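For reference, the structure is listed below as structure tokens.
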Amino acid sequence: MQEIPKVYNPKETEEKWYKEWEGKGYFHADSGTKKKPYSIVIPPPNITGILHMGHALNNTIQDILVRFKRMSGFETLWMPGTDHAGIATQNVVEKRLSKEGKHREELGREEFLKRVWKWREEYGSTIIHQLKRLGCSCDWERTRFTMDEGLSEAVQEVFIRLYEKGLIYRGDYIINWCPRCQTALSDEESEHRDVQGMFYHIKYPIKGTNEHVVVATTRPETMLGDVAVAVNPKDKRYKHLKGKVLELPVLKRELKIIYDEIVDKEFGTGALKVTPAHDPIDFQLGQKHGLKPINVMNPDATMNENAGETYSGMDRLECREALIEDLKERGLFIKSEPHRHAVGHCYRCHTMVEPRLSLQWFVKMKPLAKPAIEVVKKGKIKFHPTRWTKVYLNWMENIRDWCISRQIWWGHRIPVYYCKACVDPVKAKDKDAGVIASKEKPKKCPKCGGTDLVQDTDVLDTWFSSWLWPFSTFGWPQKNRDLKLFYPTGCLVTAQEIIFFWVARMIMSGLEFMKEIPFKDVYIHGTVRDDTGTKMSKSLGNVIDPLEIIDEFGCDALRFSIISITSTGQDVFLSKKRFETGRNFANKVWNVSRFLLTNLKQENVPGDLCVFAKDPSLTLADRWILSRLYETIDSVTKSIEKYRFNEAANTIYDFIWHQFCDWYVEFSKLTIDQKKTQFILYKVLEKSLRTLHPIMPFITEEIWSLLPHEEGSIMVNKWPHVNKDLIDVKIDKAMDSIIEQITAIRTIRATWRIEPIKRIEVVIKTPNKATTKSLNENIDYIKRLARVDKIDIGEKAKKPPKSATAVVGNMETYIPLAGIIDLEKEGARLKKQIDQVIGWLDNTKKKLSNKKFVEGAPKEVVEQQKTRQKELQEELKKLKSNLSDLK
RNA sequence: GGGCAAUUAGCUCAGCUGGUUAGAGCGCGUGCCUCACAUGCACGAGGUCAUAGGUUCAAGUCCUAUAUUGCCCACCA
């Protein structure tokens with residue numbers, strides 16, 4: 001027998017096995033298979049990403065599902081890949097450029113894109129390597145990237161189809177503008193955050209009078225773009241304004257008074273300044289009342305020439321200050337008061353977003369949303385936990401059009417060409433002649449035959465490629481076997497933040513382009529937080545690096561620990577200490593295996609447990625561990641199928657540690673050289689390992705490889721089947737009674753400080769012959785585990801004088817302790833037990849004396865209470881007699 | 001403003017359709033290097049299940065309020 005180290009060393013094991021698995025092609029799915037398919041598409045991590053605990057959780061869950069399904073006989077495909085992450089990646093490369101003192105404009109579009117591709121070659125697969133360290137069993141041969149040729153074609157195809165269907169349009173609307181990234185963002189990409197701002201009250205003079213109207217605003221600099229002031233028609237304060245004209249301070253522009261119900265009388269002064277180019281409500285008002293918007297800002301949020309000579313060129317916030325000073329001088333400033341309000345911030349760089357009127361491309365969402373609402377309402381797609389269904393439906397029912405154009409360079413360029421002869425590319429609307437949606441650059445304009453065609457300079461939102469992921473990765477728009485076999489996928493595993501960005505849109509695109517749902521289940525896991533409940537983020541510096549944990553504790557330890565505390569959909573609170581759980585468990589598994597390996601003989605292990613179903617020579621302990629084993633496998637299987645991963649982890653943990661190691665292995669030491677015992681030990685270990693494998697792939701494979709076994713890797717072996725014939729509740733109970741007996745003796749030993757080495761004598765009084773017999777059959781177990789020399793068992797057993805006593809079910813246990821026992825203290829101990837029993841007894845009495853309970857509750861429940869009462873009464877009697885015997 | 005979670009042992013949390021004595025890990029106390037494991041073993045202490053009502057024969061579990069905490073959504077300028 002080879003030397004097996006005392007402490008499990010994950011490092012070597014993990015590297016060795018991952019290479020082996022990958023090399024043997026175990027991760028690869030065969031689309032020519034006859035097996036039933038099971039597939040999962042990975043939420044593609046950004047190429048700029050590095051592995052964090054959120055990924056660790058997300059991908060561990062997926063890997064558990066995938067390994068479980070693979071072992072369960074499915075042709076299993078976990079489709080991996082990465083996302084080009086338009087804005088994020090462009091930002092990273094721009095930052096590197098600026099270190100060289102360069103700006104992307106200097107390089108030009110083509111050169112800049114070359115730099116981005118080069119960056120991606122160098123760093124873009126970092127996250128993939130990290131996922132491998134997590135043990136992910138993805139089919140890496142199929143790895144895709146959202147900017148691949150194939151996926152890019154899918155993007156273009158989708159754009160053109162939607163355009164031709166009239167679901168994509170170009171128009172002037174208020175969008176969220178990030179002044180730092182200098183691009184439009186979708187509503188989802190603008191994150192609302194509470195900001196402590198100021199509410200400024202400003203006088204707008206009424207022309208031709210000495211009077212004025214007071215407006216209140218949080219962004220005074222936008223007043224330079226005001227075109228009207230709106231009040232509620234029901235507001236009596238402003239009735240007199242009808243027919244009057246206001247004068248915009250500083251710029252002296254004339255402002256109309258408009259009346260609209262949308263204005264809240266109670267808010268501010270009830271008079272709303274209308275800036276259609278810089279506020280969504282104002283934009284609506286402008287359209288409704290025929291007002292021409294005036295844009296006063298440049299793309300970088302400095303003021304433009306429309307803001308007037310004084311302010312043109314100033315930054316928006318600088319302008320705000322200067323303007324307030326100006327108004328003060330002119331006597332038009334009343335006051336400013338602190339005001340907390342929600343302001344949009346760029347989800348990539350956290351800069352304050354500026355609502356801005358601009359020409360962008362949009363997807364009309366309502367028609368796409370309708371069928372996507374249906375499939376969820378009908379239960380074709382299920383969310384786990386179900387509460388997310390409501391969140392999804394609520395968003396879908398109020399869906400707004402999706403702004404998909406971005407003014408950056410890194411991404412899928414919009415497949416639209418403009419004929420310079422027909423149309424101005426900078427102003428063209430989608431309906432205009434000379435706007436052509438096409439994958440390739442057209443030779444000439446279909447309208448005028450002009451050949452001077454230019455492509456739209458914008459690129460598409462990153463999510464415009466991700467929303468196609470569940471079918472574009474399989475080759476769509478090509479029709480092939482992968483697509484046919486693996487779409488729709490089995491389950492989508494993701495975090496709540498991404499339901500709107502991604503999940504909802506995938507459902508819509510799947511139904512639109514594949515005419516079928518993209519997945520049946522959506523499992524939403526919680527957010528990973530630190531132990532104070534703060535979301536882990538790099539900027540806060542409270543991250544625990546999964547790779548560091550893998551180095552220190554091992555990958556299996558990381559996976560087990562994180563899974564064992566992830567109850568369905570709840571957030572996960574982590575501290576470094578928590579990973580000790582997994583490490584210790586791995587070590588436990590390691591050591592019990594080590595013990596067995598040094599004792600098992602090869603020839604004793606082959607065969608099947610079925611032969612034992614009715615074998616009378618099995619001991620109670622043998623039957624018990626088999627019953628527990630199959631119960632455990634059954635329970636773990638069901639838990640994984642129900643996405644209750646923590647339950648699965650804790651069930652197998654408890655079985656291996658507290659049932660197998662603590663009891664059965666200890667019992668087996670008496671008979672370990674027997675063939676039958678060896679066989680059972682081996683079988684239980686081997687099946688436990690398979691059950692544990694999806695959660696702890698490496699250590700299970702390592703031990704598997706040391707065990708004698710017939711087939712190859714554990715990861716392509718079968719998920720253990722459940723032999724229900726061997727699950728037996730009666731056996732469980734009988735064993736519990738032996739365990740209780742041992743525990744009772746141990747408790748007394750500990751209470752009276754009997755040295756571990758010292759052997760003692762015990763007398764056990766039983767109620768009948770059958771109990772005596774069954775106890776006698778297990779006498780050696782009790783002797784060994786409770787360190788007892790001699791046990792007298794019998795119905796007529798006599799209590800020795802000065803004994804410590806215990807009541808175990810319907811038996812009584814006596815340990816003579818003359819000279820050791822303190823009668824008073826033992827009395828107190830018994831008294832405590834008596835009080836407890838009296839408490840329980842009172843409860844049952846209360847229930848049974850309640851007529852309504854006896855009549856109303858189900859018979860079994862009443863019977864149960866009656867039995868319980870009897871048992872408690874018996875126990876009480878014994879305890880009391882033991883107490884009085886002490887005197 | 002709307003919605004969703006959470007509140008159970010000192011700490012972090014399980015407890016799924018209401019029904020025997022409410023569990024785990026960590027921590028704590030005591031004793032052990034017992035021939036697999038001190039990343040271990042044995043034993044123990046510790047809970048009026050946030051509060052107040054209600055439904056029910058029966059509530060940690062269902063309902064309604066309240067409180068505290070956290071998250072998401074939202075065009076009150």
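All values derive from a computational prediction rather than experimental measurement. Residue numbering restarts at 1 for every chain, and letters A, B, ... go by the order of the sequence lines.
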inquiry  = Pair His345(A), Tyr347(A) - check ring-ring contact (aromatic ring centres under 6.0 Å, His included), show working.
reply    = CA-CA 6 Å; His345(A) 290 75; Tyr347(A) 87 133; over 10 Å; no
task = Quick one: look up who A9(B) pairs with, Watson-Crick or G-U, both distances under 3.5 Å, and put none if it's unpaired.
result = none
message = Please tell me whether Asp521(A) and Tyr643(A) have a donor and an acceptor in their side chains that are separated by less than 3.5 angstrom.
response = yes
request  = Could you tell me whether the phosphate oxygens of A58(B), OP1 or OP2, come under 4.0 Å of any side-chain nitrogen or oxygen in Lys846(A)?
outcome  = no
ask   = C43(B), C75(B), C41(B): which one has an atom nearest the side-chain heavy atoms of Asp662(A)?
value = C41(B)
query = Considering only A36(B), G19(B), A77(B), which nucleotide approaches the side chain of Pro858(A) most closely?
reply = G19(B)
note = Scanning all shown strands, the Watson-Crick or wobble mate of G31(B) with both distances under 3.5 Å is C41(B)
message = Any strand counts, and the cut-off is 3.5 Å on both contacts for Watson-Crick or G-U wobble. Which nucleotide pairs with A14(B)?
response = none
request  = Would you indicate, yes or no, if G27(B) has its OP1 or OP2 atom less than 4.0 angstrom from a side-chain nitrogen or oxygen of Lys577(A)?
outcome  = yes
request  = Provide the Watson-Crick or G-U wobble partner of U51(B), both distances under 3.5 Å; none if there is no partner.
outcome  = A65(B)
message = Using a 4.0 Å heavy-atom cut-off, does Ser593(A) contact any base of the nucleic acid, only the sugar-phosphate backbone, or nothing at all?
response = nothing
remark   = Considering only heavy side-chain atoms of Leu272(A), the closest of U21(B), A77(B), C4(B) is A77(B)
ask   = Between the side chains of Asn176(A) and Glu189(A), is a donor N or O closer than 3.5 angstrom to an acceptor N or O?
value = no
Pairwise C1' distance, G15(B) and C75(B) [rounded to whole Å] = 44 Å
message = Measuring only the C1' atom in each nucleotide, how far is G46(B) from C28(B)? A whole number of Å is fine.
response = 9 Å
query = Within the structure shown, what part of the strands sits under 4.0 Å from Phe500(A) by heavy-atom distance: base, sugar-phosphate, or nothing?
reply = sugar-phosphate
query = Just to confirm, is there a sub-4.0 Å distance from OP1 or OP2 of U21(B) to any side-chain nitrogen or oxygen of Arg868(A)?
reply = yes
query = Can you tell which of A77(B), C75(B), G44(B) lies closest to the side chain of Thr747(A)?
reply = G44(B)
request  = Indicate, with a heavy-atom threshold strictly under 4.0 Å, whether Val263(A) touches base, sugar-phosphate, or nothing.
outcome  = base
task = Please determine, for the side chain of Phe267(A), which listed nucleotide (U34(B), C43(B), A77(B)) has the closest atom?
result = A77(B)
inquiry  = If you only use heavy atoms from C-beta on, which nucleotide in G31(B), U39(B), A42(B) is closest to the side chain of Arg746(A)?
reply    = A42(B)
message = Once hydrogens and angles are ignored, does a donor-acceptor distance under 3.5 Å link the base of A42(B) to the side chain of Glu666(A)?
response = no
key: Trp590(A) side chain to Glu702(A) side chain, donor-acceptor N/O pair below 3.5 angstrom   = no
query = When rounded to the nearest Å, what value does the distance between C1' atoms of C26(B) and U20(B) take?
reply = 29 Å
key: Atom-to-atom span, CG of Asp264(A) to P of G1(B) - whole angstrom   = 13 Å
Pairwise 5' ranking along RNA chain B for Glu497(A) and Lys642(A), keeping only the more 5' one = Lys642(A)
task = Using a cut-off of strictly less than 4.0 Å, decide whether His658(A) has a side-chain nitrogen or oxygen near OP1 or OP2 of G25(B).
result = yes
inquiry  = The side chain of Gln496(A) is closest to which nucleotide in this list: G46(B), G19(B), C71(B)?
reply    = C71(B)
message = Once you apply a heavy-atom cut-off of 4.0 Å, does Val862(A) come out as touching a base, just sugar-phosphate, or nothing?
response = nothing
message = Here's a test of your reading of the structure: between Lys273(A) and Lys6(A), which maps to the more 5' nucleotide of RNA chain B?
response = Lys6(A)
A58(B) versus C11(B) - spacing of their C1' atoms, nearest Å = 33 Å
message = With a cut-off of less than 4.0 Å, is there a side-chain N or O of Thr743(A) near OP1 or OP2 of A42(B)?
response = no
ask   = Just checking, any donor-acceptor pair under 3.5 angstrom between side chains of Lys825(A) and Thr751(A)?
value = no
ask   = Which listed nucleotide (G25(B), A77(B), C43(B)) is nearest to the side chain of Ala750(A)?
value = C43(B)
request  = Look at all strands and tell whether Lys588(A) reaches a base, only sugar-phosphate, or nothing, counting heavy atoms closer than 4.0 Å.
outcome  = base
query = Are Thr844(A) and Lys866(A) close enough, and set up right, to give a side-chain hydrogen bond (donor to acceptor under 3.5 Å, both in side chains), and what steps lead you there?
reply = CA-CA 8 Å; Thr844(A) 60; Lys866(A) 281 184 182 164; over 6 Å; no
Base partner of G46(B), which must satisfy Watson-Crick or wobble distances under 3.5 Å = none
task = Is it possible for you to check whether Lys601(A) lies under 6.0 Å from the centre of the six-membered ring of Tyr682(A), through NZ or CZ, and within 45° of that ring's axis?
result = no
message = Please report the distance, rounded to the nearest Å, between CZ in Phe501(A) and P in C73(B).
response = 9 Å
ask   = Are OP1 or OP2 of C73(B) and a side-chain N or O of Lys390(A) less than 4.0 angstrom apart?
value = no
inquiry  = Would you measure the distance from the P atom in G47(B) across to the matching atom in C32(B) and give it in whole Å?
reply    = 28 Å
ask   = Among the nucleotides C37(B), C57(B), G15(B), which one has an atom lying closest to any side-chain atom of Asn587(A)?
value = C37(B)
request  = Indicate whether any N or O donor in one side chain lies under 3.5 Å from an N or O acceptor in the other, for Asp654(A) and His658(A).
outcome  = no
query = For Lys866(A) and U20(B), what is the distance between atoms NZ and C1' respectively, to the nearest whole Å?
reply = 16 Å
key: Nucleotide nearest Phe595(A) (side chain, heavy atoms from C-beta), chosen from A36(B), C75(B), C57(B)   = A36(B)
Short side-chain N/O contact from Trp657(A) to OP1 or OP2 of C41(B), under 4.0 Å = yes
query = Would you say the side-chain atoms of Thr275(A) and Asp226(A) include a donor-acceptor pair closer than 3.5 Å?
reply = yes
ask   = Can you check whether His339(A) has a side-chain N or O nearer than 4.0 Å to OP1 or OP2 of A77(B)?
value = yes
note = Mate of C4(B) across any strand shown (Watson-Crick or G-U wobble, both atom pairs under 3.5 Å) is G70(B)
query = Considering every strand shown, what is the Watson-Crick or G-U wobble mate of U20(B) when both distances are under 3.5 Å?
reply = none
ask   = Within the pair Asn584(A) and G40(B), is there a side-chain N or O less than 4.0 Å away from OP1 or OP2?
value = yes
ask   = Distance between the C1' atoms of U48(B) and A59(B), in whole angstroms?
value = 14 Å
ask   = Under 4.0 Å between a side-chain N or O of Arg753(A) and OP1 or OP2 of C32(B)?
value = no
query = Going by modelled atom types, is there a donor-acceptor pair between the base of A36(B) and the side chain of Lys669(A) at under 3.5 Å?
reply = yes
